[in-house]
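What follows is a single structure, written as structure tokens, with notes after it.
Here is how names work: the chains are called A, B, and so on, in the same order as the sequence lines, proteins then strands, and each is numbered from 1. Just so it is clear, the values below take in all heavy atoms, side chains as well, and ignore hydrogens, waters and symmetry mates.
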Amino acid sequence: MQWLVHPAGILAAGETVGHGARELDFMSMLFVFMLATFIGIGVIRRVSRLLHTPLMSLTNAISAIAVVGAIMVAGGEGYPTWIRLLGAVAMFASMTNIISGFLITNRMLKMFKTQPQPGGKP
Amino acid sequence: MTAYHVMQLAYLLACALFIFSLHWMSDPKTARNGVYAGVAAMLVAIFATWGGLHITRHWWIIIPCLLAVPPGIWLAQVPLTAVPQRTAFSHAFGGLAAGLVGTCKYFYWLSHEQEMLTAFRMTAIVAEVILGFLTLTGSLIAAGKLQEIKWIPQRPWVFQGQRAINLAGLGFAVLLGALLINSPSAGWAPFAFVVVVLLSLGFGVMMVLPIGGADMPTVISILNSFAGLSAVAMGFVLDNKVLITAGALDGSSGLILSIIMCKAMNRSFLNVLFGAFGQVKQSAAGSDGKVYKPETIEGAAQILEQASSVVIVPGYGMAVAQAQHKIRELYDQLKKRGISCRFAIHPVAGRMPGHMNVLLAEAEIPYTDLVEMDEINPDMPQADVCLVVGANDVVNPAARHDKSSPIYGMPIIDADKSRTVFAIKRSKNPGFAGIDNELYFSDRTWMLFGDAKAVIGDLVKQLSGGSGIH
């Protein structure tokens, strides 16, 4: 079971199985990338043009998925302190994006209404 | 099932939720579900990583998270006119995170497990670091320009041979990157890595400095795409599919938005990035011999009252003057009289995609009256009055016929085809792109000089006080 969780916090499933398996895994990553890009293009094309600003702040928050990498580096075992510190900065940066991105998207979307509301109350 | 499998299944769920999150943005009615799905996906991904991997230093994660709460909340409270610079600023943070993680992994593997630095992984690391760090500085400069910070030039900053220097810098970074991929653990490699980082930081600055304010919507979209792609590269480095998927979604979103922005300006990516727009260039149809025809508030109000259909064209000037709430009052006044009032939204109006929609929605104007350029243009000849508020290049008819104009070929809102045009303008200077606007000299156009907020406020006063009295 040692290959399941690498001591450095890296998933190394393919690494120790041999050269062939590793190449295969890289290929599957390229496939994921290609398919996800096409799904992204398909989905984004249909996003209402009204919502392009909230869309951008939402994707901003989504791209803060980089937090996953930051967690590995900041919290993983065996990293020297200076690397851990850089990881903590990355953690801070992506967490800020997650919090502000989702909050401001929600705030903007609340404003889109069909009917004018006298008095400002829904 | 092992912890590894649980984690991968959680990632799978997170990917599906991210896709749903964007899918729900297709309609303003379901869009808020998109935010909830996004939050859920993010929490699933965070806790799956935290619990699924060998994470032991919890405080190193918790403390940065806590520190991120105040700036996160603060950045979400900015006024909506400041959303473009907030967005650019977040792209900078996204790039920083990606660049830092790439740097960390490289130096960790270099000193602990050199066999991990395979050619494939090194390629991903180099891509991640170049994209991440150029996004960082490029976005910071863009944010600074949008915030109008004094020491960052607002007008495009250009000099002889700039393109060559920029390309040489990027080329050198890529070349060093290729050498690193070839021999990642040579004695000179750490230094080369640092040089690649510095070159990327420099290239980001040099890339955005020559770009003017009118091109900001495209630049922000491109930087959005870069931030996503750097997350994808990180996914390749860390063998993590949720990073690849979410990053690819973000990358394609930025790509589509940039394409829309470029089309709306009739320009190509490369043209935006390397051909500085907005050098002040007098076009052939200059202002010589032509005069503005000013109109009084009273006169304009009378014509508005007698109209049966009014189209308002908002532009960046509306955001600067914070006129959206006054426009809402004008909208109410017109609606009260049974006058149809709609808004014509050009894709590049404002400083980021969709900027005008958000500002008008903030003023509680129903989104059903916000109409895109392509949909409203066929109706423009039937419009009695077209009121241009702080828009300039997007209504300039020179784009249709004047081949010498820098905006030639750009699709515009056909304001000049409406029966009467009122243009609110702060001063007699040309707009951001430094181009004279033919529309202002047309026979049907009357100018209302003054601050947009004040002028519209006066119009509203005239309409509410003077109704019925002629």
| task | May I ask you to decide if the ring planes of A:Phe26 and B:Phe120 are parallel, tilted or perpendicular, using 30° and 60° as cut-offs? | result | parallel
| Does some side-chain heavy atom of A:Leu51 sit less than 4.5 Å from a side-chain heavy atom of B:Tyr367? | no
| query | Does B:Leu249 reach the side chain of A:Val43, with side-chain heavy atoms less than 4.5 Å apart? | reply | no
| task | Flag the one option from A:Ile98, A:Val47, A:Thr37, A:Val67 with the top tally of heavy-atom pairs under 4.5 Å to chain B. | result | A:Val47
| For B:Ile61, is it the side chain, the backbone, both, or neither that has a heavy atom closer than 4.5 Å to a heavy atom of chain A? | both
| query | Which bit of A:Pro54 comes within less than 4.5 Å of chain B, counting heavy atoms only: side chain, backbone, both or neither? | reply | both
| query | Is it the backbone or the side chain of B:Val232 that comes under 4.5 Å from a heavy atom of chain A, or both, or neither? | reply | side chain
| query | Taking only residues two or more places apart in sequence or in another chain, which ones pass side-chain contact (heavy atoms from CB on, under 4.5 Å) with B:Glu362? | reply | A:Met111, B:Leu80, B:Gln324, B:His325, B:Leu359
| task | Measure B:Val358 against the heavy atoms of chain A and call it side chain, backbone, both or neither at under 4.5 Å. | result | both
| query | Measuring heavy-atom distances to chain A, does B:Ile260 have an atom under 4.5 Å in its side chain, in its backbone, in both, or in neither? | reply | side chain
| message | Can you tell me which portion of B:His91 sits under 4.5 Å from chain A's heavy atoms? Options are side chain, backbone, both or neither. | response | both
| request: Would you mind checking which part of A:Arg46 comes under 4.5 Å of any heavy atom in chain B, side chain (CB onward), backbone (N, CA, C, O), both or neither? | output: both
| query | Which bit of A:Ile62 is near chain B, if near means a heavy-atom gap under 4.5 Å: side chain, backbone, both or neither? | reply | both
| field | Side chain, backbone, both or neither of B:Ala31 within contact of chain A (heavy atoms, under 4.5 Å) | value | both
| query | Between A:Ser63, A:Gly75, A:Gly101, A:Ala36, which has the largest tally of heavy atom pairs under 4.5 Å with chain B? | reply | A:Gly75
| request: Give, as side chain, backbone, both or neither, the part of A:Leu30 having an atom under 4.5 angstrom from any heavy atom of chain B. | output: both
| task | Pick one of side chain, backbone, both or neither for A:Val68, based on which atoms fall under 4.5 Å of a heavy atom in chain B. | result | both
| request: Against chain A, label B:Leu17 side chain, backbone, both or neither, depending on which of its atoms sit under 4.5 Å from a heavy atom there. | output: neither
| task | Identify which part of B:Ser21 has an atom lying under 4.5 Å from any heavy atom of chain A, answering side chain, backbone, both or neither. | result | both
| request: State, yes or no, whether a side-chain contact exists between A:Leu55 and B:Leu22 at a heavy-atom distance under 4.5 Å. | output: yes
| task | Please examine the side chains of A:Met95 and B:Pro64, heavy atoms only from C-beta on, and report whether any two atoms are closer than 4.5 Å. | result | no
| said: Using heavy-atom distances under 4.5 Å, tell me whether B:Ser221 contacts chain A through its side chain, its backbone, both, or neither. | reply: both
| said: Determine whether a donor-acceptor pair (N or O, by modelled atom type, separation under 3.5 Å) exists between the side chain of A:Thr53 and the backbone of B:His355. | reply: yes
| said: Report which part of B:Phe89 has an atom under 4.5 Å of a heavy atom belonging to chain A: side chain, backbone, both, or neither. | reply: neither
| B:Met25 versus chain A, heavy atoms under 4.5 Å apart: side chain, backbone, both or neither? | both
| field | Contact check, side chains of A:Arg84 and B:Tyr108, non-hydrogen atoms, under 4.5 Å | value | no
| said: Counting C-beta onward and ignoring hydrogens, is there a side-chain heavy-atom pair between B:Met42 and A:Ile65 closer than 4.5 Å? | reply: yes
| task | Check each atom of A:Ala61 against the heavy atoms of chain B and say whether the ones under 4.5 Å are side chain, backbone, both or neither. | result | backbone
| task | Select one option (side chain, backbone, both, neither) describing which atoms of B:Asn224 are under 4.5 Å from chain A's heavy atoms. | result | side chain
| query | Can you tell if the side chain of B:Pro28 reaches within under 4.5 Å of the side chain of A:Leu50, non-hydrogen atoms only? | reply | yes
| task | Measure distances from B:Pro347 to the heavy atoms of chain A and classify the residue's part below 4.5 Å as side chain, backbone, both or neither. | result | side chain
| said: So which residue, A:Ile41, A:Val73, A:Leu103, ends up with the most heavy-atom pairs under 4.5 Å with chain B? | reply: A:Ile41
| task | Report yes if the side chains of B:Trp60 and A:Ile71 come closer than 4.5 Å at any heavy-atom pair, otherwise no. | result | no
| Side chain, backbone, both or neither of B:Ile46 within contact of chain A (heavy atoms, under 4.5 Å) | both
